[in-house]
Amino acid sequence: MLTLRLVRRFGTRSHLGAGNTYKKALSSKKKQVKIDEPALFKLKKEKNPEKLFQLFKENAHNKIVIENRYVFEDTVSRLAGAGRFDYIENLLEHQKSLPQGRREGFIIRIIMLYGKAGMIENAVKTFYDMHLYGCPRTVKSFNAALKVLTQSHDLEAIESFLSAVPEKFDINIDILSVNTVISSFCEMGILEKAYLFMVEMEKLGITPDVFTYTILISAFYRANRWQIGDGLWNLMARKGCMPNVATFNVRIQFMVNMGFAWEANKLLKLMKRIGITPDEVTYNLVIKGFFRVENLEMAKIIYSALCGAGFKPNSRIYHTMIHYLSRAGEFDLAYSMCRDVMQKNWFPSSDTIKRLLEGLSKDGTEENMAKARFLIILAKKKIPPFSSDTLNVMRSIIARS
């Protein structure tokens with residue numbers, strides 16, 4: 001029924017004057033900042049939900065406040081955290097009635113703010129009522145409402161919205177609409193429906209893009225339905241849709257999970273060969289893959305290749321290396337890396353540090369004990385700090401040696 005409905009839908013003195021005008025504008029701007037800046041400061045520091053609500057309401061016409069996306073989102077987020085959804089509704093409904101309510105971009109922001117607050121019905125109603133504020137609807141506001149609606153995971157409501165709204169408001173859905181629906185279906189675990197929706201939309205002239213395929217491939221791999229995931233990869237290639245870094249990373253992740261480290265490495269090489277630059281995620285996955293099959297030498301080679309390619313290893317890569325090197329008993333290299341990253345306030349998990357401390361303390365040599373003691377000194381400097389219990393456990397590991 002949904003498909004049929006969508007099928008039906010598709011078918012010199014002036015210089016002085018200018019100078020004076022500029023000076024006046026500059027003076028006016030300075031005065032405006034002097035007046036408005038305290039409002040932003042007060043909103044940011046106000047902790048009381050009722051006072052926050054009143055303060056924002058008093059500045060409903062203050063452009064410096066309402067056009068500041070961070071302040072708007074932060075205010076709604078804090079009111080939602082306090083459970084004051086009545087205040088959120090009051091503020092946002094009032095904003096819709098003001099001149100900015102005639103701009104689609106502003107209404108889209110209102111829709112998304114309602115969504116972040118979990119007020120899905122208000123978000124969808126805002127879309128339906130846009131004409132009441134003299135605001136035009138396009139596929140952009142449709143996609144915003146659809147995105148929020150998918151948070152409900154209400155299949156019937158999503159399908160009803162898809163089948164009725166485009167025709168009612170003369171909106172042609174686009175690939176972003178399709179990807180939003182497919183992502184939602186995948187999150188709900190109805191993978192066949194997600195795939196069939198892609199097929200139906202392609203028949204209606206909306207060509208799947210790399211994000212469509214990546215969403216589906218990732219979902220089928222996560223469900224351990226690798227045959228379909230591989231089939232989608234091949235289908236994407238036959239359709240001439242070029243995979244991107246994210247698509248490759250999804251496939252490499254699956255290979256690593258299955259213990260196919262060499263196959264994951266082949267994909268890394270393929271990326272380079274066809275002109276796609278691997279990112280830190282790619283390298284981290286391949287390194288982890290070789291560690292998992294206990295091929296430490298290849299893991300080190302990939303790490304060196306990462307550094308040789310001009311990448312600076314991020315905290316995740318360091319943490320992977322430290323974790324697996326400690327498990328493999330290579331404590332000297334693990335210590336060097338751990339010391340360096342902890343000095344940057346990049347801290348491995350407490351379990352990884354404990355394992356490394358145990359390894360360094362095992363033989364009881366003064367050199368290794370000094371290394372272990374230094375790691376505890378660094379651990380005490382962590383921001384935010386490790387719990388006192390965790391630090392006590394670390395100290396006890398050394399004390400036993």
Side-chain angles (χ1 to χ4, degrees), residues 1-11 96 100-116 120-188 190-219 232 235-236 238-244 246-247:
M1 183 62 71
L2 172 61
T3 306
L4 290 174
R5 289 180 185 176
L6 285 170
V7 169
R8 287 200 295 270
R9 173 67 202 94
F10 277 87
K96 284 153 57 175
Q100 55 264 30
R102 294 193 291 269
R103 289 169 20 219
E104 187 183 26
F106 191 84
I107 292 298
I108 288 173
R109 192 198 303 182
I110 298 293
I111 291 171
M112 298 308 291
L113 285 172
Y114 268 134
K116 287 183 178 181
I120 296 172
E121 290 184 11
N122 296 70
V124 176
K125 186 176 185 300
T126 297
F127 171 79
Y128 276 111
D129 291 347
M130 285 173 68
H131 62 284
L132 299 178
Y133 313 108
C135 182
R137 288 183 197 83
T138 70
V139 70
K140 292 180 181 179
S141 48
F142 171 83
N143 285 339
L146 178 62
K147 177 70 174 177
V148 172
L149 183 58
T150 59
Q151 293 175 201
S152 68
H153 289 180
D154 185 333
L155 180 59
E156 184 178 349
I158 295 168
E159 290 190 327
S160 175
F161 189 82
L162 277 170
S163 62
V165 170
E167 186 172 0
K168 181 177 181 179
F169 296 116
D170 193 28
I171 292 172
N172 291 320
I173 68 174
D174 60 12
I175 189 59
L176 180 57
S177 318
V178 172
N179 289 345
T180 299
V181 174
I182 288 175
S183 181
S184 176
F185 287 172
C186 288
E187 288 174 8
M188 287 189 272
I190 44 178
L191 306 189
E192 291 84 356
K193 196 171 190 69
Y195 170 74
L196 290 173
F197 187 75
M198 178 187 76
V199 173
E200 291 171 0
M201 294 303 99
E202 188 169 19
K203 290 176 181 176
L204 299 177
I206 304 177
T207 304
D209 62 11
V210 64
F211 301 104
T212 317
Y213 286 109
T214 302
I215 293 166
L216 285 167
I217 291 169
S218 177
L232 284 163
L235 177 63
M236 178 175 62
R238 286 201 305 272
K239 295 280 187 176
C241 182
M242 188 74 167
N244 60 16
T247 322

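Residue numbers start at 1 and run along the sequence shown.
The heavy-atom pair separating C186 from L216 by the smallest distance is SG-CD2, 4.0 Å. The shortest non-hydrogen separation linking A194 to I182 is O-CG1, 3.7 Å. Closest heavy-atom contact between G115 and Q151: O-NE2, 3.1 Å. Closest approach of I111 and A123 over heavy atoms only: O-CB, 3.6 Å. In this structure, L146 and S177 approach most closely via the heavy-atom pair CD2-O, 3.7 Å. Across T150 and K147, no two heavy atoms sit closer than the pair OG1-O, 2.6 Å.
Between the CD1 atom in I107 and the SG atom in C135 there is a gap of 5.0 Å [rounded to 0.5 Å]. Summarising the geometry, atom CD1 belonging to I215 is positioned 11.0 Å from atom CE belonging to M198; distances are rounded to the nearest 0.5 Å. Distance check, rounded to the nearest 0.5 Å: CG of D154 to CD1 of I120 gives 9.0 Å. Rounding to the nearest 0.5 angstrom, the gap separating the CD1 atom in I158 from the CZ atom in F197 is 10.0 Å. Here the straight-line distance linking atom CG of N244 with atom OG1 of T214 works out to 5.0 Å at 0.5 Å rounding.
No side-chain heavy atom of Y114 sits under 4.5 Å from any side-chain heavy atom of V148. Side-chain atoms of T212 and E202, non-hydrogen and from C-beta on, never get closer than 4.5 Å to each other. Considering only heavy atoms from C-beta on, M242 stays 4.5 Å or farther from V210 through its side chain. Here the side chains of F142 and L162 are in contact, with some heavy-atom distance below 4.5 Å. Considering only heavy atoms from C-beta on, M201 stays 4.5 Å or farther from V181 through its side chain. Under the 4.5 Å side-chain criterion, counting only non-hydrogen atoms from C-beta, F211 is not in contact with I175. The shortest distance between side-chain heavy atoms of R109 and M112 does not fall below 4.5 Å. Proximity of N172 to V139: side-chain heavy atoms (C-beta onward) are nowhere separated by under 4.5 Å.
Within a 6.0 Å radius of CD in E121, no more than 12 heavy atoms belonging to other residues, nucleotides or ligands are found. Remark: K116 NZ is loosely packed, at most 12 non-hydrogen atoms of other residues, nucleotides or ligands lying under 6.0 Å away.
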Would you sort out whether Y213 and K239 count as a side-chain contact (heavy atoms from CB on, under 4.5 Å), showing the intermediate values?
CA-CA 11 Å; Y213 286 109; K239 295 280 187 176; 3.5 Å; yes

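Among residues two or more places apart in sequence or in another chain, the side-chain hydrogen bond (donor to acceptor under 3.5 Å, both in side chains) test is passed with S141 by E104. Annotation: side-chain hydrogen bond (donor to acceptor under 3.5 Å, both in side chains) contacts of K193 (sequence neighbours excluded): E159. By the ring-ring contact (aromatic ring centres under 6.0 Å, His included) test, Y133 pairs with no residue at all, sequence neighbours left out.
Checked against a 6.0 Å centroid threshold, the rings of Y195 and F185 do not count as neighbours.
One N or O on the side chain of T126 and one on the backbone of N122 form a donor-acceptor pair closer than 3.5 Å.
N179 pairs with exactly one of N143, D174, D209 by the side chain to side chain donor-acceptor pair (under 3.5 Å) rule, that one being D209.
Both cation-pi conditions hold for R137 and F127: the charged atom is under 6.0 angstrom from the six-membered ring centre and inside a 45 degree cone around its axis.
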